There are 2 protein chains.
Amino acid sequence: MAASFGVETPITNADKTFVQLRDDIVEGIIPSGSKLSETELSTKYQVSRAVIREAINRLATCHLVERKANVGARVVGLSAEGLVQLYQVREALEGMAARLAAKHMSDEEISSLKALLDSHFDTVKSGENYYQEAGDVDFHYRIVQGSKNAHLISVLIDGLYHLVRMYRVQFGMAGPRVSTAFDEHKHVVYAIANRDEELAEMLMRRHILYSKTNIEKKLNKDL
Amino acid sequence: MAASFGVETPITNADKTFVQLRDDIVEGIIPSGSKLSETELSTKYQVSRAVIREAINRLATCHLVERKANVGARVVGLSAEGLVQLYQVREALEGMAARLAAKHMSDEEISSLKALLDSHFDTVKSGENYYQEAGDVDFHYRIVQGSKNAHLISVLIDGLYHLVRMYRVQFGMAGPRVSTAFDEHKHVVYAIANRDEELAEMLMRRHILYSKTNIEKKLNKDL
DNA sequence: TACCACTATATTGTCGACACATTATTTACA
DNA sequence: TGTAAATAATGTGTCGACAATATAGTGGTA
């Protein structure tokens, strides 16, 4: 798994507590919609309230919790509507990321990306779900990093991707569509390798759009 | 001026200090690139360090300052490169916002937007620079709000727009291009009124792209 | 019984002090 | 005299206590 950007390696206690809380929220150990009591968490995680407060503030930055003045923080609620909105933003941002990646990625980065896709292909054949998921994550990470745009990188990697993971985990999406998604990835890389910015953006947007409709279908089936 | 979203009305001291610091940074009263000393600011603004720390954390959320563990926070540096990257993200996000606005804005909101444009037109004729700028800001705000997408709204209004303003103020951009920009605004609204999502997005993207190249030209002239 | 005012409790906001890390300065040695 | 280790000074990280605010519970009245 590629490292997150903002906190490469946790240094302070607030860093560590932030990462721990974040993972617990994403994994659903701290249930979505639940209230985060500062005093409670400070005893639970064995740190002072100040540290918890700072961690919670950073969670708010990733849109994983919402704070209200003089009231407290709640873990964000998951909904079909929220998922749709999340994917709309992903479509816009990752589309642009693909466009910029086609412009700015070095030849070495591109061939490395191709290699990643090849290894991904082997796991697709052998049908290991876990690594398929990891492969997908890695693919999107690399494109975003390849954009060389600091805003894109921080908004997506430090922010939205954690929410995406949270939806994946808690709505239980390992899903099929792996082989189709793999083909889409291949086409995106092809466009990037050809330095075709326009096509790279369009293909990435479609790829995310298809994921969205696919997820929506699964959700409706569950309801 | 439309109110910012996250802190509609400042409640706590941290809120007020955040807003004050933010404005001072945007206006250049606190120079870009300078170091923010917590102890210094706490005496200057007459609040405890804890309040300053929280304010600085929120500034980091808006990408107005950058923090390093055990070192401190610096006001973000402005550069031509940074401006380009900022406008790339704007293009992606506001393009999507226009698309969604075409889908989700109510008829009332649309006619209100038209009215805004008409009043804007009068000030364009009378040639008042200040209100032209305000009109532009209002226009973009409304589109973003019209998207009804919480992520778009928070990333743009709570985050990037402050940086945009900072560049405008400190690079001194009141500029011409007002009448041309006004025409572009008109066309976007036209597309939204026709519920043409595709066109709305494309026109908004072009509008921002033109602004970018225009600003780049001015910058190169200055250097 | 329903509704409002008041009280009591719990939680967040703020503060000042201390612990620790980083940086600048001084001192010792080759 | 130049470099490096040791030390001092500054600033951030963390803590526990107090103040201010919101919430829950109680009692009273129409």
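Atom set for the values below is all heavy atoms of this structure, side chains included, hydrogens, waters and symmetry mates excluded. All of these numbers come straight from a predicted model, not from anything done at the bench. In the text below, chain A, chain B and the rest are named by the order of the sequence lines, each starting its count at 1.
At a threshold of 4.5 Å between non-hydrogen side-chain atoms, the residues A/Ile143 and A/Ile192 count as touching. Counting only heavy atoms from C-beta outward, the side chains of B/Ile52 and B/Ile56 approach each other to under 4.5 Å.
Counting any heavy atom pair closer than 4.0 Å across all strands shown, B/Leu36 reaches sugar-phosphate atoms only and no base atom. Among the heavy atoms of the strands lying under 4.0 Å from A/Thr12 are primed sugar atoms or P, OP1, OP2 only; no base atom is included.
Using the six-membered ring where Trp is involved, B/His185 and B/Phe139 have ring planes that are parallel, under 30° apart on the 30 and 60° scheme. Ring geometry, A/His207 versus A/His140: the interplanar angle falls under 30°, so the pair is classed parallel (tilted spans 30 to 60°).
Remark: A/Arg22 qualifies as a cation-pi partner of A/Phe18 under the 6.0 Å distance and 45° angle criteria applied to the six-membered ring.
Within the structure, a side-chain polar atom (N or O) of B/Arg53 is placed less than 4.0 Å from OP1 or OP2 of D/dG13. Between B/Arg67 and D/dG13 there is a side-chain polar atom (N or O) within less than 4.0 angstrom of OP1 or OP2. At D/dT14, none of the side-chain N or O atoms of A/Ser48 fall inside 4.0 Å of OP1 or OP2 (strictly under the cut-off). Within the 4.0 Å cut-off from OP1 or OP2 of C/dT14, at least one side-chain nitrogen or oxygen of B/Asn13 is found. The shortest distance between the side-chain N/O atoms of B/Lys35 and the OP1/OP2 oxygens of D/dT12 is below 4.0 Å.
Axis angle between the ends of the helix from C/dT1-D/dA30 to C/dA30-D/dT1, five pairs each and rounded to 10 degrees, works out to 10°.
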